[in-house]
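One structure below.
Residue numbers count from 1 along this sequence.
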Amino acid sequence: SQQDGKEETIDGKIIGMATYDFDSGAVLAVLDPARTKDDTYVRVYRQTTIGAYTIALPQGTRVRIDGMTLDDIGLRPSKLQVPQLAAMIASVSQAGAKLTTAQTRDILETIAGAYEGLHIGNAEMRGLATDTPQGPFKLAAIRFNMKNGKIGELAIEGLDARSPQGPVKIERFALKSFDVANLLRLTSAFSNPEQKPSPDQVLGMFRLLEGAEIKGLVAPNNSGNKLVSIDTLSLNWGQFVGPIPSKAHLAAKFTVPINAADLSLKQLVAAGMKTAAIDFDLRAAWTEASGGFVLDPVTLEFGGVLKASARISLANVPRGIFSLDPMQATTMASQIDVGPMEVTLRDIGGINLAVAQYAQAQKLSGEEARHALIESITANAKTMTDSSDVLVAAEALARFIENPRGTLILKLTPLDKVPAMQIIQLMKTEPLLALAQFRIEVSSGL
């Protein structure tokens, strides 16, 4: 090849290649005009394997792959229309870079159909290694499968590379149910620069993917002198109402360095904490039959500080709330009622940290600060309300502070029909009046 007027050589070597159970009849089926409506997959071959191969690129760059495997490759005659593919290639050749919007749309639709006509039971590449300007790049494996134009799972495993800030390692990264064919169709809808995509079309991107996952990520923070570690980060969604998902699950477990210069974290630094370990889990789901929307579980653990869990429910949630029309969504929101709620807090060091911070601010000893906090809570509760439930809650909170490493459980049950929008407004202006709409049960213990 010619590079800057000089001849460059690309050299490669492949060790071993084999195909098993090849069926030429599957290829003929795609070419047979009588089978243009055949919507079944016909298998071309059971497996193809490629052994280790190495490519030597100019400037001394070398790429090595230990091997590749393709399993269960099939074609669907109704989608792989050879005349259409030939016409597409011809139109691209004739138009060159001057494709019209209509031609671009037709080409993307043809390619989308071709993806739907391809079946891959499993594709795997193993042991990729190369050199980059930042340093060596290694990848243990890439795996994916495909059916009906959709990748069931695309997984990248064992990434080991370098960024400008330092080394980056990822044990696993995966995309779940990635719809390649409809991504191309949606792209064709965006191909006209004079026509902006509608909000429905933009949010329609959510339908093209059902989730993503990262495991075992270790990377430097922005300054590059400390590491961020992600054990697990996964997000899944589905059960669409129009373009909006009504069901989701987010789980995260990670460790981040604590910035000693951040004044809001000075008590954590003073306690000897150099990193913050966070474990979070949230599930949300709407059920159309009952009209219920539930956040359960909602859990959070802040290492060395606290553990918290909650269950929050809403009632009479109408289907129309999942709308991109702000006016409609606001109108529908007025129908939503608050359901029972429960919150559990377990102290694993946070109470003592809070007391220490209060003691430092008020120039008190630790015990003096603890007693001052307890007295302030009970006195304010008696001054602001005569509700027996609120007074009982204040006493439970006082015991929670008085006895560290304990548990506080708060249950709120609506006394009657309680509109969610009304509670939101009351919490801003009259929080005690908002609490008066519930039966409050509070308990504390070890």
Side-chain angles (χ1 to χ4, degrees), residues 1-22 43-75 111 114-115 118-147 149-178 180 183 209 212-221 224 227-234:
S1 66
Q2 295 294 324
Q3 183 72 26
D4 297 331
K6 297 180 181 180
E7 186 177 271
E8 299 284 0
T9 301
I10 299 175
D11 194 13
K13 181 179 181 180
I14 299 177
I15 302 175
M17 181 175 179
T19 297
Y20 302 92
D21 296 339
F22 172 71
R43 192 172 74 176
V44 181
Y45 54 83
R46 176 175 61 83
Q47 186 181 75
T48 287
T49 62
I50 301 174
Y53 71 92
T54 305
I55 301 174
L57 302 173
Q59 284 83 45
T61 302
R62 293 175 63 85
V63 178
R64 175 183 169 83
I65 297 176
D66 290 343
M68 292 194 298
T69 302
L70 295 172
D71 292 319
D72 194 21
I73 304 301
L75 303 174
I111 297 173
Y115 272 109
L118 179 63
H119 177 277
I120 303 174
N122 179 61
E124 180 178 303
M125 181 185 70
R126 302 175 301 277
L128 170 65
T130 186
D131 294 323
T132 70
Q134 287 77 30
F137 176 92
K138 296 180 181 179
L139 196 61
I142 298 178
R143 298 185 177 90
F144 73 93
N145 52 26
M146 177 177 285
K147 186 176 182 180
K150 181 181 291 187
I151 296 175
E153 181 177 77
L154 171 61
I156 298 173
E157 300 176 354
L159 172 66
D160 190 346
R162 292 191 66 85
S163 71
Q165 287 78 30
V168 176
K169 295 184 178 182
I170 300 177
E171 181 181 319
R172 173 181 165 85
F173 170 75
L175 299 177
K176 301 176 182 179
S177 195
F178 180 30
V180 179
L183 173 62
L209 188 67
E213 176 187 61
I214 296 177
K215 287 186 176 181
L217 167 65
V218 179
N221 64 352
L227 295 178
V228 174
S229 176
I230 298 178
D231 294 338
T232 302
L233 176 60
S234 67

Exam field: side chain [X] to backbone [Y], donor-acceptor pair closer than 3.5 Å:
X	Y	value
N122	D71	no
H119	R43	no
T130	R62	yes

Side-chain heavy atoms of [X] within contact of [Y], under 4.5 Å:
X	Y	value
L175	F144	no
Y53	I15	no
L118	L75	yes

Assess, by modelled atom type and distance only, whether the side chains of T49 and T69 contain a donor and an acceptor separated by less than 3.5 Å. no

Do other residues, nucleotides or ligands put more than 12 heavy atoms under 6.0 Å from the NZ atom of K176? yes

Trace of the side chain to side chain contact (heavy atoms under 4.5 Å, CB included) decision for I156 with I170: CA-CA 9 Å; I156 298 173; I170 300 177; over 6 Å; no

Check the pair F137 / L128 against side chain to side chain contact (heavy atoms under 4.5 Å, CB included), numbers first and verdict last. CA-CA 8 Å; F137 176 92; L128 170 65; 4.0 Å; yes

Got a salt bridge between D11 and K13, using NZ or NE/NH1/NH2 to carboxylate O under 4.0 Å? no

Begin from the C-alpha positions of L217 and F173 and carry the test side chain to side chain contact (heavy atoms under 4.5 Å, CB included) through to its verdict. CA-CA 9 Å; L217 167 65; F173 170 75; over 6 Å; no

So which atom in D131 and which in T61 form the shortest heavy-atom distance, rounded to 0.1 Å? O-CG2, 3.9 Å

